[in-house]
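Quick note: numbers below take in every heavy atom, side chains included, and nothing from hydrogens, waters or symmetry partners. Throughout, protein chains are lettered first and strands after them, A, B, ... in sequence-line order, and every chain is numbered starting at 1.
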Amino acid sequence: MARILVRDIKKTFGKFVALKSVSMEVADGEFTVLLGPSGCGKTTLLRIIAGLETADRGEVWIGERRIDRLPPRARNIAMVFQNYAVFPHMTVFDNIAFGLRMQKRGSEEEIRRTVEWAAELVHIESQLEKYTGQLSGGQRQRVAVARALAVRPQVLLMDEPLSNLDALLRLEMRAELKTILRECATTTIYVTHDQVEAMSLADRIAIMHGGEIEQYDTPLEIYRNPATLFCGGFIGSPPMNFLEAERVAPGRYRVGGLELEGPRDAGPKLLLGIRPEDLEPVADGGAALAGSVLVVEPLGSHLLATLRLDGRLLRFAGDADLPLHPGETLRLRPRADRLRWFDPESERAVRS
Amino acid sequence: MRTRLLYATLAVIASIWVLVPIYLLAVSAFGGPETINAWPKSLLPERVSTETLAFFFGVRGVWNAILNSILVAALTMVMSILLGAPAGYALARFVFPGKDGYRLLVLLTRAFPIAILALPLTVRFIEIGIYDTPLAVALVHTALALPFAILVSSSLFMGVPKELEEAAWTLGCTRFQAFRKVVWPLARPGIAATMIFAFVVSWNEVFAASVLTLRERTLTAFLLTSLNESPLHFRFAGGLFLIVPALIFIFAVRRYLFSMWGIANR
Ligand SMILES: Nc1ncnc2c1ncn2[C@@H]1O[C@H](COP(=O)(O)OP(=O)(O)OP(=O)(O)O)[C@@H](O)[C@H]1O
Ligand SMILES: [Mg+2]
């Protein structure tokens, strides 16, 4: 059990800058998810922490030990790979025991007990004698997790471990992983580009974009207060709406046909960020954002509508029973406590 | 159905093409001296005798030549895998400047005919005192088998996912341990096939072996030099003895050869 400290990591592949300057600290026992679009450098960062890739500069610490010059075997980490990487020429038992044997962790008897403990944790204790080639994807996945947990690493690194599973199994494994990892309380970094997975698993999420961490916070905080336009647009389904706002007086901005209270010391042009569910229909009368309904998606639990407003699209999530039809005009007002403002130049949030 | 018939026909023709000479060779070798000059040839030997073979093995120098051949082939096999497997591993796993050029150069070694290399090699081997030894022949045979060993083992290692090795590293292996515990077991069948191939290359090679030896002949070189002055049935026995090991080896490793070529075996 130990914290992870990553300080000012830079990595280039030839001329391509994969990581610009990444710093983060994962607390002891914390579950951190690296989330970002494909190619943003998640795997690269994970591999640098594991020692499978060397950074151009920067430091990696685990606990009180600086590890960025150590070989992978000396780092006290374990990794679960995207394609499982279980050894096909070994039985499930030998796979899980592999790390223990290589690191000479006790007698064969003790190793057997640890293997059984790990196998039970992931529910594959009945498969121990099988070769991994005879297993299904989900079972291989479990073997990979058990193999990583068996060595009781200080730090567990997982690279999209669920991405090769079908949707249902993924849901199931996600819930299981959460319980298992809570039980083990191992400091974990988990890579994914699935935001739902990230939201449901993470203590904290680091949003990566273009080789940088844009925001590192709890899921709810990122959802409520995205630090950048990218974070707001990446998290949430459908994502946050962004509307152009123009200053009419200090601290007051006009958005569509509405005048709203905004930040006092900000530029003349801002973007208003508002979540689809933070828009409320208003009865005729009063000022509102009026848009024509293009598409209505009744999802059962709620309803999604896409509106056209001044040539831009606006997404609205509301009560499933709302009688909405394409072609109608819908008048909406954002909840005053959920207004988020962004500077269109720097793309960063402006706190009001 | 039509295509299957066509395939079957072609397969039968190809098999006959290969098998008939071998069969005739065997008939002549086992049929006793008199069958050889008999005409018309009978497809079944009238009697089976080991006379010819006994005569063959009785000739002075044959046993020594066979032992030399085995020794040279074994040395070739070991050396080409000891040199070829690491080179193949490097080609499969590392990015280094001039990698493609290296790959090409490896193949280019086959572009120089042995006939051109033979004289300078002879001189050099005499200088360093290994002329007329199995080692000298094995060195040249290794050079012949090496390109194949390098390229095939590189593709074998490429077939072992890198993540498996990396997983082994994170679980406590050194590079070498990971190779031994994970990469090697998975590549072993193919490596075995490569070794056998090197063995057969060496076993069949005649030119370098003839030039580089005087007394310590390999079987091919021995047969070549004694072919003119020996009776016909001796040549048949020698021929049979030359192809049989190759056939046995290829039969033994056919599974790996098939899997190397991506053909499912049954
Ligand atoms: N060995 C390499 N050589 C050259 N470029 C590389 C190498 N590894 C990664 N890259 C590049 O670095 C960038 C980041 O790659 P990385 O694998 O970290 O992305 P990722 O965030 O994990 O994406 P994904 O979600 O698709 O797995 C990519 O643009 C990739 O092309
Ligand atoms: Mg990745």
Quiz item: CD of A:E64: more than 12 outside heavy atoms within 6.0 angstrom?
Solution: no
Quiz prompt | Interface moiety of A:N76 toward chain B, non-hydrogen atoms closer than 4.5 Å | solution = neither
Quiz prompt | A:R47 portion near chain B, given a 4.5 angstrom heavy-atom threshold | solution = side chain
Quiz prompt | Step-by-step side-chain contact (heavy atoms from CB on, under 4.5 Å) determination, A:M102 to B:L171 | solution = CA-CA 7 Å; A:M102 291 316 298; B:L171 289 168; 5.7 Å; no
Quiz item: Just wondering, more than 12 heavy atoms not from A:F13 lying within 6.0 Å of its CZ?
Solution: yes
Quiz item: What are the two closest heavy atoms between A:R73 and B:C173, and how far apart are they?
Solution: CD-O, 3.6 Å
Quiz item: To the nearest 0.5 Å, what is the distance between CG (B:L164) and NE2 (A:H89)?
Solution: 8.0 Å
Quiz item: At what distance, to the nearest 0.5 angstrom, does CD of B:E165 lie from CG of A:L52?
Solution: 10.5 Å
Self-check item: Residue pair A:P71 / B:T174, side-chain heavy-atom distance below 4.5 Å
Solution: no
Quiz item: What are the two closest non-hydrogen atoms of A:P88 and B:L186, and how far apart are they?
Solution: CG-CD2, 3.7 Å
Quiz item: Do the side chains of A:F98 and B:K181 get nearer than 4.5 Å, heavy atoms only?
Solution: yes
Exercise. Can you establish whether the number of heavy atoms outside B:R124 located under 6.0 Å from its atom CZ is more than 12?
Key: no
Quiz item: Is it true that atom CZ of B:F96 has more than 12 heavy atoms of other residues, nucleotides or ligands lying nearer than 6.0 Å?
Solution: yes
Quiz item: Side chain, backbone, both or neither: which part of B:A178 has a heavy atom under 4.5 Å from chain A?
Solution: neither
Quiz item: Side chain, backbone, both or neither: which part of A:V80 has an atom under 4.5 Å from a heavy atom of chain B?
Solution: neither
Practice problem: Report the option among B:R175, B:E166, B:Q177 that has the most heavy-atom pairs separated by less than 4.5 Å from atoms of chain A. | Solution: B:E166
